[in-house]
A.B. asks: 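Mind looking over this structure? Questions follow.
So that the names make sense, note that chain A is the first sequence line, chain B the second, and so on, each numbered from 1.
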Number of protein chains: 2
Amino acid sequence: MTPMEKERYTARARILKALAHPTRLWIAERLADGECCVCEFVDAVDADFSTISKHLAVLREAGIITGEKRGKQVYYRLRVPCVLNFMDCVEAVLVTDARCRNALIA
Amino acid sequence: MTPMEKERYTARARILKALAHPTRLWIAERLADGECCVCEFVDAVDADFSTISKHLAVLREAGIITGEKRGKQVYYRLRVPCVLNFMDCVEAVLVTDARCRNALIA
DNA sequence: ATAATATTTGGCAATATAACCAAATGATGA
DNA sequence: TCATCATTTGGTTATATTGCCAAATATTAT
């Protein structure tokens, strides 16, 4: 791994890491259907609103989402709409895993 | 987020988390070109061999790779070959981010 | 101006990760 | 059998993440 590669993979890993949390992943997928108000997440997720705000900050700082204040509320949306793309693959890993556990193969 | 969703997103996040480390991501992409011996990673990555072995364990336990011992060596390969798929999107996030930083837009 | 609402920020404690060294395991070759 | 090589596992320390509470900020409504 050359220094250049290291830099590149560090940047990429940072993005995956931002998505690698159940709540954040759920939020990202929700946003794939269109923008949402923070308040919707607060209602839907069973966690303190400050916790949700911090999750949003993680996604924001990773460049995955962007927010806009409208009145009292803040609306977030995906900055790059392809986030869903890799869920198919993630799902494939899960399915393969389940199949293999059942079949007792590697 | 229903309890069922929570379970689902926790499983998905686990997989992303496994990939969300520069060394592990590099290894995964390397394996997308075909199987590799652990020794190749040990040579290529500047980290203790035990560290590399632990990274491989993380990927293995996440169901992303699978290893096979052949003689003294262990060869790993991707269990689901689509890992590369989402790199395009990750890259798109990085590019968008760079563009916006330059242009001073959100 | 004050109060109420929506969100972010600061701070803290609990837990999880990452990296290293040393030691254990497994396979081959002398 | 004994030494050697490749890899994994155990243990430890440093660092990072998570989630809650309390407090700060910003916007609207009274």
A.B. asks: Classify B/Tyr76 by what it touches in the nucleic acid, base, sugar-phosphate, or nothing, heavy-atom distance under 4.0 Å.
C.D. replies: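 Contact class for B/Tyr76: sugar-phosphate only.
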
A.B. asks: What residue pairs, at least two apart or across chains, pass salt bridge (Lys or Arg N to Asp or Glu O under 4.0 Å) with a residue in residues 1-13 of chain B?
C.D. replies: A/Glu29-B/Arg12, A/Glu91-B/Arg8, A/Glu91-B/Arg12

A.B. asks: Can you tell me how far CZ of B/Arg77 sits from CD1 of B/Ile64, rounded to the nearest 0.5 angstrom?
C.D. replies: 15.0 Å

A.B. asks: Within a strict 4.5 Å, meaning less than it, do heavy atoms of the A/Phe41 and A/Phe49 side chains meet?
C.D. replies: no

A.B. asks: List the protein contact pattern of nucleotides 24-30 of chain D with one symbol per nucleotide (5' to 3'): B for base contact, S for sugar-phosphate-only contact, - for none; contact means a heavy-atom distance under 4.0 Å.
C.D. replies: --SBS--

A.B. asks: Want to know the stems of DNA chain D: at least 3 consecutive Watson-Crick or G-U pairs with distances under 3.5 Å, which are they?
C.D. replies: C:1-30 with D:1-30

A.B. asks: A/His55 vs A/His21 aromatic rings, parallel, tilted or perpendicular, using cut-offs 30° and 60°?
C.D. replies: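 Plane angle between 30° and 60°, so tilted.
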
A.B. asks: B/Glu61 CD to C/dA16 C1': how many Å, rounded?
C.D. replies: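 After rounding, the reported distance stands at 14 Å.
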
A.B. asks: Tell me which residues in residues 13-24 of chain B lie within less than 4.0 Å of DNA chain C, going by non-hydrogen atoms.
C.D. replies: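 Result for residues 13-24 of chain B: B/Lys17, B/His21, B/Arg24, sorted by number.
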
A.B. asks: Decide yes or no for B/Arg79 and B/Ile65: does some side-chain heavy atom of the first lie under 4.5 Å from some side-chain heavy atom of the second?
C.D. replies: no

A.B. asks: What is the distance from atom CZ of B/Arg30 to atom OG1 of B/Thr23, rounded to the nearest 0.5 Å?
C.D. replies: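 The CZ atom of B/Arg30 sits 13.0 Å away from the OG1 atom of B/Thr23.
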
A.B. asks: Please round to the nearest 0.5 Å and tell me the distance separating atom CD of A/Glu40 and atom CD of A/Gln73.
C.D. replies: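 It comes to 8.5 Å.
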
A.B. asks: With sequence neighbours left out, what residues match B/Cys36 under disulfide bond (SG atoms under 2.5 Å apart)?
C.D. replies: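 With sequence neighbours excluded, B/Cys36 shows a disulfide bond (SG atoms under 2.5 Å apart) to no residue whatsoever.
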
A.B. asks: Would you mind reading off the distance between B/Gln73 atom CD and C/dG29 atom P, rounded to a whole angstrom?
C.D. replies: 11 Å

A.B. asks: Got a sec? Which of residues 30-56 of chain A come in under 4.0 Å of DNA chain C, heavy atoms?
C.D. replies: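 Under 4.0 Å from DNA chain C: A/Cys37, A/Val38, A/Cys39, A/Phe49, A/Ser50, A/Ser53, A/Lys54.
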
A.B. asks: Please round to the nearest 0.5 Å and tell me the distance separating atom OH of A/Tyr76 and atom SG of A/Cys37.
C.D. replies: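 Answer for the OH-SG pair, A/Tyr76 versus A/Cys37, is 10.5 Å.
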
A.B. asks: Determine, for B/Arg70 against B/Glu35, whether the closest basic-nitrogen to carboxylate-oxygen distance falls under 4.0 angstrom.
C.D. replies: yes

A.B. asks: Applying the side-chain contact (heavy atoms from CB on, under 4.5 Å) test to B/Leu78, which of B/Thr66, B/Leu31, B/Leu59 qualifies?
C.D. replies: B/Leu31

A.B. asks: If you compare all heavy atoms of A/Val42 against all heavy atoms of A/Ile52, which two are closest, and at what distance to 0.1 Å?
C.D. replies: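 Where A/Val42 meets A/Ile52 most closely, the heavy atoms are CA-CD1, 3.5 Å.
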
A.B. asks: For A/Tyr9 and B/Arg24, test the side chains for any donor-to-acceptor distance below 3.5 angstrom and give the result as yes or no.
C.D. replies: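 No.
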
